[in-house]
A.B. asks: 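Pasting in a structure now, in structure tokens, and then I'll have a few things to ask.
Lettering follows sequence order; numbering is per chain, from 1.
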Amino acid sequence: MTQPLDARWAVLWIHEAARVVAENRARLIELDRAIGDADHGENMDRGFSAAVAKLDAGEAPGTPAAVLKQVAMTLMSTVGGAAGPLYGTAFLRAATFLGDAEEIDAAAAAGMIGAARDGIVARGKAESGDKTMVDAWTPATDAAATATQSGANASEVLAAAAAAARDGAVATEPLIARKGRASYLGERSAGHRDPGAESTALILQVAAETAGGRVA
Amino acid sequence: MTQPLDARWAVLWIHEAARVVAENRARLIELDRAIGDADHGENMDRGFSAAVAKLDAGEAPGTPAAVLKQVAMTLMSTVGGAAGPLYGTAFLRAATFLGDAEEIDAAAAAGMIGAARDGIVARGKAESGDKTMVDAWTPATDAAATATQSGANASEVLAAAAAAARDGAVATEPLIARKGRASYLGERSAGHRDPGAESTALILQVAAETAGGRVA
Amino acid sequence: MSVGLVIVSHSEKIAEGVVELAAQMAPDVVLAAAGGTGDGTGPARIGTSFDRVQAAIERADGGDGVVVLTDLGSAVMTAEMVLEFLDPGARERVRLAQAALVEGAVAAAVQAQGGSPLADVVRAAEGAVVSL
Amino acid sequence: MSVGLVIVSHSEKIAEGVVELAAQMAPDVVLAAAGGTGDGTGPARIGTSFDRVQAAIERADGGDGVVVLTDLGSAVMTAEMVLEFLDPGARERVRLAQAALVEGAVAAAVQAQGGSPLADVVRAAEGAVVSL
Ligand SMILES: Nc1ncnc2c1ncn2[C@@H]1O[C@H](COP(=O)(O)OP(=O)(O)O)[C@@H](O)[C@H]1O
Ligand SMILES: Nc1ncnc2c1ncn2[C@@H]1O[C@H](COP(=O)(O)OP(=O)(O)O)[C@@H](O)[C@H]1O
Ligand SMILES: [Mg+2]
Ligand SMILES: [Mg+2]
Ligand SMILES: [Mg+2]
Ligand SMILES: [Mg+2]
């Protein structure tokens with residue numbers, strides 16, 4: 001049931017990400033309304049729709065890295081909020097990590113997630129516990145590394161990462177934000193899930209699902 | 001040749017001030033272009049034209065103070081730059097000082113100028129030497145006080161004040177601005193006359209001239 | 001109710017822009033723009049208007065207080081002048097914040113949205129860190 | 001020539017307003033607004049645009065350097081991202097200032113108008129005092 005994580009998979013992943021983001025648009029907006037400016041769903045939907053339109057319009061890029069690089073550039077240009085440079089950097093660093101590999105194996109899957117996380121940290125300078133998307137990406141990175149070490153295949157690595165991102169997103173709820181707009185709220189930011197951590201969980205979940213893995 | 005400094009005189013003064021400000025509009029703009037935002041001539045012209053229009057429209061106020069108070073309110077509402085609250089406060093304080101006197105004698109003339117100066121200082125918090133209109137109003141205040149003490153009449157007091165304001169305005173040229181927009185220029189503000197000190201000199205000059213005094 | 005904000009700028013566009021930006025995170029806070037000069041029928045000139053500031057303070061004052069943010073020095077002078085003309089009752093509910101206009105307004109708006117009292121909203125404005 | 005300025009804001013109105021305000025005291029300085037998102041045909045949304053920031057930096061770069069001022073944190077991230085995509089030659093002439101947007105822009109514009117070098121313009125932006 002697993003499929004090779006090649007350029008075709010990367011395109012499928014982005015298509016599914018766009019679909020799930022669109023489906024969760026209102027929910028992401030509501031999460032952002034509580035502790036931000038109520039646009040994360042709109043920002044993400046706009047960005048991923050544009051990324052899909054771009055992929056569908058041209059000849060499909062030949063490697064996973066080429067797909068992710070094109071997605072990065074499109075997100076950067078179209079999202080309009082913090083998520084633009086953050087996800088833009090994440091996909092760009094993932095692409096750079098993958099290089100010209102035709103297919104992503106378990107180690108590459110884990111490495112790509114870690115590279116994305118490192119890009120987000122470099123861009124936004126948030127630490128773990130600051131109640132940002134980093135709090136989904138960091139556990140995802142750690143889970144992917146652990147899974148790889150215990151011999152999981154690529155799709156199992158993605159499934160482990162997705163499950164950890166989901167837990168990480170839920171775990172942002174009691175936190176007090178220290179980065180991004182939500183930090184303006186101080187203690188009032190506690191009790192709400194971080195929208196960027198939630199969108200991260202969604203996107204990693206469809207990565208795993210399109211790879212044929214089951215997310216726990 | 002001197003005339004009583006009553007409400008009619010106050011109206012005449014403002015008319016003449018409006019005329020001389022309009023005449024010097026371009027020059028005040030050029031002074032402000034060098035060390036500011038090139039609008040002092042426009043601001044002052046707009047304010048004094050409005051003050052004249054207001055005086056001409058209604059029944060003339062019955063006391064010098066009532067005239068000056070109306071002028072103050074009009075300047076405040078129409079000037080649009082720093083000169084608005086500054087001259088607005090100056091005329092308001094002068095009016096308050098004069099109370100319900102029908103006519104301004106030498107002591108009242110000196111007191112009115114000092115009250116205007118104090119209002120400008122309270123509003124703008126500039127000190128002498130900061131290269132602002134205070135550097136015209138302070139010598140004018142001192143000269144008026146000295147003239148009063150040596151027995152000058154009201155028109156002579158105004159003439160002494162006007163001459164001192166003129167010298168004070170010229171003396172702003174080498175100064176480095178420490179208040180107002182010109183302070184952004186730092187040392188580059190030296191070598192230019194302060195526009196507000198110049199407009200002060202013009203307005204006090206016509207005060208003296210309309211009172212029948214000769215400005216030295 | 002909550003504390004209201006008045007955004008005084010020499011530029012009408014800046015004042016309106018700050019209001020639209022801050023409103024995103026503070027939908028229930030009254031944010032009143034007082035930008036540019038209001039004279040004539042043409043576009044507002046660059047400058048500040050006593051009348052616009054006065055009207056904006058009235059709009060923003062719902063009884064819980066008003067924080068006034070300003071851009072350059074002459075905007076401060078205009079605002080102080082307006083304050084002197086307020087009724088004593090209204091006057092004591094109005095504070096001038098010494099804050100970066102855009103950054104302070106967003107921080108203050110979020111604080112006001114949370115229902116904080118006047119002094120805390122002023123503190124949020126004045127403590128706002130500039131970006132980076 | 002002189003150092004150019006780029007004004008990055010989440011609001012198109014703020015960016016344009018800051019440009020008009022700073023231009024008054026710096027008529028010879030290139031001031032480029034990069035406000036709002038530039039997508040679609042409707043009015044710009046609130047947000048920042050990689051493409052607008054990139055284009056504004058190109059406009060402002062006359063060879064003597066560019067100072068970029070930003071409002072909120074995500075504007076900083078967008079600007080930093082754009083900087084990473086500049087040619088190394090252009091990149092070394094561009095500085096991000098950690099300054100209050102409106103107040104810093106006016107101070108920086110006046111400094112640039114006086115012909116000061118890049119580092120001094122950055123310093124003017126970052127040292128600008130907020131009003132009062
Ligand atoms: N400095 C940062 N580091 C990491 N993530 C951040 C940072 N700032 C914001 N975020 C993430 O971005 C999300 C908000 O994205 P979005 O609403 O699209 O942008 P904006 O806040 O500009 O409106 C937050 O929920 C958070 O996860
Ligand atoms: N804080 C201050 N105290 C006293 N006078 C000041 C102050 N700030 C500005 N001025 C005066 O105002 C004049 C500029 O007036 P104007 O050009 O009408 O206002 P703006 O600077 O707002 O454009 C200056 O030349 C100076 O004399
Ligand atoms: Mg948002
Ligand atoms: Mg946003
Ligand atoms: Mg001026
Ligand atoms: Mg002006």
A.B. asks: Might you point out which heavy atoms bring Thr37(C) and Gly80(B) nearest each other, and give the distance in Å?
C.D. replies: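 Minimum heavy-atom separation between Thr37(C) and Gly80(B): CG2-CA, 3.8 Å.
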A.B. asks: Looking at Ala82(B) and Met77(C), what are the two nearest heavy atoms and their distance?
C.D. replies: CB-CE, 3.6 Å
A.B. asks: Is any residue of residues 12-30 of chain B within less than 4.5 Å of chain C by heavy atoms, and which ones?
C.D. replies: none
A.B. asks: Please report the shortest heavy-atom distance between Arg45(C) and Val79(B), naming the atom on each side.
C.D. replies: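 It is NH2-O, 3.4 Å.
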A.B. asks: Less than 4.5 Å apart, side chain to side chain, heavy atoms only: is that true for Glu84(C) and Leu92(B)?
C.D. replies: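 Sidechains of Leu92(B) and Glu84(C): no contact.
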A.B. asks: Among residues 62-76 of chain B, which ones touch chain C with a heavy-atom distance under 4.5 Å?
C.D. replies: Met73(B), Met76(B)
A.B. asks: From Asp37(B) CG over to Ser74(C) OG, what is the distance, rounded to the nearest 0.5 angstrom?
C.D. replies: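 The OG atom of Ser74(C) is 8.0 Å from CG of Asp37(B), to the nearest 0.5 Å.
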A.B. asks: Can you say whether Lys179(B) sits under 4.5 Å from chain C via the side chain, the backbone, both, or neither, judging by heavy atoms?
C.D. replies: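 Answer is neither: Lys179(B) stays 4.5 Å or more from chain C.
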A.B. asks: Taking all non-hydrogen atoms of both residues, which atom of Asp39(B) and which atom of Ile46(C) are closest, and how far apart?
C.D. replies: OD2-O, 4.5 Å
A.B. asks: How about Asp100(B): does its CG atom have over 12 heavy atoms from other parts shown lying under 6.0 Å from it?
C.D. replies: no
